[in-house]
Protein chains: 2
Amino acid sequence: MTNGDIDQTSRPTNLGQIIKKARTDMKLSQREVEEATGKEVSNAYLSQLESGKITKPSPHILYALSTALAVPYETLMERAGYIVPSTERPESAKHGRAATFAVDNLTAEEENALLDYLAYLRSKKG
Amino acid sequence: MTNGDIDQTSRPTNLGQIIKKARTDMKLSQREVEEATGKEVSNAYLSQLESGKITKPSPHILYALSTALAVPYETLMERAGYIVPSTERPESAKHGRAATFAVDNLTAEEENALLDYLAYLRSKKG
DNA sequence: TGCGCTTGCTAAGTTTGTCAAGCATCTACC
DNA sequence: GGTAGATGCTTGACAAACTTAGCAAGCGCA
């Protein structure tokens, strides 16, 4: 339909094709996958996923599929357009300096004192 | 309303409370958070999140909030009930409380001021 | 030929995240 | 008093995820 001809044999790029390829590679039917996920993903829904009618299934669904189809969870998450936590962040000092505080295991009192102080600093600055 | 009295000062356990505490700790209004996320999270939606009316916001939303509120993305994902890929078992320190400062939005001055203040606090206490 | 079973798919419905608009309350300043 | 702005919250609408029931084509088998 909306679907032109996509090279099914080479490496698939969108989520639906990844799922479909993984499933057919394992020689499973859609209903078998439904079983394999413990009914967490219905065969009807799987069909919609593979045909691209659903573009962003919830991580829960993706996790079930990742285990049933032996595809890494992160891959599916990424392909669904979700931001994948940690797992290497290229540059962005991000944790660099922040770690100073993180590593330092603050006590609750210290945390509160620092937060108050920070609020004070910022209020001063406007 | 539906909300009994929940100890707001101690460490919150559900998503809404985590978000609310992070926001109030930073002394931001809901509309300021909306701005801070570049309008990716509306103040109306934020209100529903904090009050627990929404239990599973999309990872996209959680990511925006994590950066705006300086709370680790993984924490929010976990609290929203999503499975977090890889990333060691949370068993150990992780950052729990210190992460409140996760601090990619501390300026260098603020960081130094806070570190000095922390050193001062600890020297006082022995 | 007909029956049973499987496979992939779709049509229709429910649920839920998300937003725009607007209301109620509080503060502050005239 | 009045009115202006900020803050938290609710409401109504829409879209997208997800479910349930069921259909059409294919298979083997008596």
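Here is how names work: the chains are called A, B, and so on, in the same order as the sequence lines, proteins then strands, and each is numbered from 1. Because the structure is a prediction, the values reported are computed rather than measured.
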Roughly how far, to the nearest 0.5 Å, is the CD1 atom of B:I19 from the CG atom of B:L76? 6.0 Å

Integer-rounded Å distance: [N] [atom2] and [X] [atom1]:
| X | N | atom1 | atom2 | result |
| --- | --- | --- | --- | --- |
| A:K20 | C:dG8 | NZ | C1' | 8 Å |
| A:E35 | C:dT6 | CD | C1' | 14 Å |
| B:L46 | D:dG8 | CG | P | 9 Å |
| A:K27 | C:dT7 | NZ | C1' | 15 Å |
| B:L49 | D:dT10 | CG | P | 13 Å |
| B:Q30 | C:dA20 | CD | P | 16 Å |
| B:L62 | C:dT18 | CG | P | 8 Å |

Any residue meeting side chain to side chain contact (heavy atoms under 4.5 Å, CB included) with B:E35, in chain and number order, not counting sequence neighbours: B:K39

Please encode protein proximity along nucleotides 17-23 of chain D as a string of B, S and -, counting only heavy-atom distances under 4.0 Å. SBBBBB-

Any donor-acceptor pair under 3.5 Å from A:E34 side chain to A:S42 backbone: no

Minimum heavy-atom separation for B:R23 and B:L28, please, with both atom names. NH1-O, 2.9 Å

Return the minimal non-hydrogen interatomic distance between A:I83 and B:Y73, and the atom names on each side. O-OH, 2.8 Å

Could you tell me which residues satisfy side-chain hydrogen bond (donor to acceptor under 3.5 Å, both in side chains) with A:Q30, sequence neighbours excluded, listed by chain and number? A:E50

Would you classify A:S29 as touching base, sugar-phosphate or nothing, given that sugar-phosphate means primed atoms plus P, OP1 and OP2, and contacts are heavy atoms under 4.0 Å? sugar-phosphate

